[in-house]
Amino acid sequence: MKGARNVVLRLLDARAVGEWARACVELLEELRAAIDTINVYPVADADTGSNLAHTMRCAAERVPVAPDGAGHAFAELASGAVSGARGNSGVLLSQLLRGCAEELGTESTVDGPRLAAALDRAARLATAAVAEPVAGTILSVLRAAADAVRAEQELVGVTGTAAAAAAEALARTPGQLAVLADAGVVDAGGRGLLAVLDALHAVVSGEPAPPRPELGSPKVAEPAQRMAVPRDYQYEVMYLLDEPASTALDTLRTALTRIGNCVTLAGDGAGTHAVHVHCDDIGAAIEAGIEAGKPRRIEVTPLLVQAGTPTFTRDRAVLVLLRSEQLAELVTEEGAEALLVEPEQTDPTPAYHAIRATNAAHVVVLAADAELSAMATGAAQQAEARGQDVVVVPCAAPAQALAAMAVHDASRRISADVVAMAEAAAATRYGELRIAEAEALTWVGRCAPGDVLGLVDGEVVLVDGERARAAAVPAAACAVVERMLATGGELVTVLLGATAEPAVVEELSAYLRDQHPEVDLACYRGAGAEAVLLLGVE
C-alpha cells in the first residue's frame, strides 16, 4: 500500500480517517481477485472482494478533504457505505463504519481507548444486523479484533493488536465452517476485513501493511465443532429502505428469514437501512420491504455457482413427487426414486435436495398433481443452476405420473425417453370419486354433503345423491369410467382411497369384462384420504 505516513499517530483526526478510507480502497482493489477466489460458499457473495472494494469506494467518496472532525468523517463514511453497499460483506463493512461513527459522535480526534470502544460497538452492530449470525465469517473476525483491544491505551497499540487478532481469527475460520475446511481456505469476507484493519494500522503506524497469505491451510477443528453452511438460493436481493415504521424492521427481518437466508438489515444511523437477502422469491422480498417502508435502488443479482464442472456418479434418474406411501413403494419398485410430500407443503427445498441427492447428470421429475408440478419446477430451476439437467414432466394426477413411469426405458436415448414419458402422461385422462363435504353448485347440478361426486379431468360430471344405497360408489365408478372410455382407451388404472371397499374393484372389473373386454384393469392402493377412488385411462 502506498502513501503511508512516516510517523506514528497518537490521535486519529479527520484527515487521517479520510486517508485510511482511501488506503482501504487501494488495498482492497489490489486484493480483489484473490479475495474473490477464496469465496467457496455455494451461494453468498460470489464477488466478495469486488463488493468490499465498491462499498469502501462509495464510503471514501463521501469524505471531504478536511471534514469537521473524526466523528463527522466516520459518519460520512457510514452513510456512503450503507448507500453503496454491495453483497452481504459490503453491508457488514458498512456497520463497522457506522459503529465507529455512533461511538465517536462529534469528537474531532480519537485516541486508543475511544477507537477500542468504537470497534466494540461496530462488532455489536454488525452482529445485530444479521438475522442468523454464523461463526467463521467476517463477524467472528471483527468480534475477535474488538475483544483483543479492550486493554490497549495507545492508538497504535489498538490498530496493531486489532489487525493481529483479526489475522489469528481469520486462520481459525476453517475450523468453524466445514465448507472452508474442505476447500482449505479462509473466509473471504474476513480476509477483506483484515485488509481494512491492516490499512488502518498502516496509516497510524506509518509502516506499510504486512504481507498476508491469500489462501491458507490452518489447523482444522474437529468436525463436531463446525457449523453447516446455509442452503443456496437463486437470487441476491438488495435495496435501501427509507422511513421504516417503529416496529417494521423486526417484522421485515422475520419475513425475509422465512423466504431466504443471509438476511441483513444495516442502518446508517440517519434513517436509511440497507436490506440484503438470498432467496428464490424476488417479489416476496420486495413486497416485505414495501410493507416496512419505502424501498429504493432495488438490485437483484443471480447467485453464481462455483467455477468448475460438476461431477455425477450416474447418467440419469427419475424422481417422482407424490403424497402417498403406497405409490412411493410402487414407483421405487419400478426403478424410480420417490419423494413423499406432506399435504400443504409448497416449499421446493425438499424437492431440490432430492434432485441433488440422485447425483445424476440428467433427472426427469414426475409430479403427481398440479401443485407438486409447480414445486418441481421451482426445484428444477435451482438444480439446473448447480449444473444438473432437469426436465419436469407436468402431471395433473397420480394416474398420469404412473402412465409416464410405465413407459420409461433407460435403454433409450434420454431425449426420446422424456418425449415418451411426456406423451404417455398427456394421453392419460384422469378422474376421481369423492364424497361431497358441503353443499355446492356444480356443472351437473347441486350437491349436498355426503353425495358421491364423479370428476373427469378436474370437472364434476356426476352427482349421485343416493348415498344411502350401498351400490352408489361402485355404480358411480362404472359411470365415470364409461365416460372416460368414450374417446377410447386400453388400460384403466384404479387407485383405492382409504375408505374404498374391495367391492368397488369387483364390480368395476365385471363391468369392464362385460362392456369393454378389450380394456385391461390395474388396481392399487394409494389414493390417500381425500378421494374414494382415483382413476386413469390410457
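In summary, the side chains of Asp13 and Thr109 do not present any donor paired with an acceptor at a separation below 3.5 Å, with no hydrogens or angles considered. If you check the side chains of Arg143 and Thr127, you find no donor sitting under 3.5 Å from an acceptor. Donor-acceptor pairing under 3.5 Å is recorded for the side chains of Asn88 and Thr264. Inspection of the Gln388 and His362 side chains reveals no N or O donor paired with an N or O acceptor under 3.5 Å.
Residues Ile355 and Ala383 approach most closely at CG2-CB, 3.7 Å, considering heavy atoms. Scanning all heavy atoms of the two residues, the minimum distance from Leu256 to Val275 falls at CD1-CG1, 3.6 Å. Scanning both residues, Gly87 and Met238, for their nearest heavy atoms gives N-SD, 3.2 Å.
Within a 6.0 Å sphere centred on CD of Glu154, heavy atoms belonging to other residues, nucleotides or ligands number 12 at most. Atom CZ of Arg258 sits in a sparse spot, with 12 or fewer heavy atoms from other residues, nucleotides or ligands closer than 6.0 Å.
Side-chain contact check for Leu155 versus Val8: every heavy-atom pair is 4.5 Å or farther apart.
Among residues two or more places apart in sequence or in another chain, the side-chain hydrogen bond (donor to acceptor under 3.5 Å, both in side chains) test is passed with Glu107 by Arg114. Applying the side-chain hydrogen bond (donor to acceptor under 3.5 Å, both in side chains) rule to His201 yields the partners Thr159; only residues at least two apart in sequence or on another chain are considered. By the side-chain hydrogen bond (donor to acceptor under 3.5 Å, both in side chains) test, Ser83 is found to be paired with no residue, residues two or more places apart in sequence or in another chain being considered.
Comment: Glu61 does not engage Arg22 in a salt bridge, judged by the lack of any side-chain N to carboxylate O separation of less than 4.0 angstrom. Classification of Asp111 and Arg10 as a salt-bridged pair fails, no side-chain N sitting under 4.0 Å from a carboxylate O. Salt-bridge annotation for Arg98 and Glu102: present, with a side-chain N of the basic residue lying under 4.0 Å from a carboxylate O of the acidic one.
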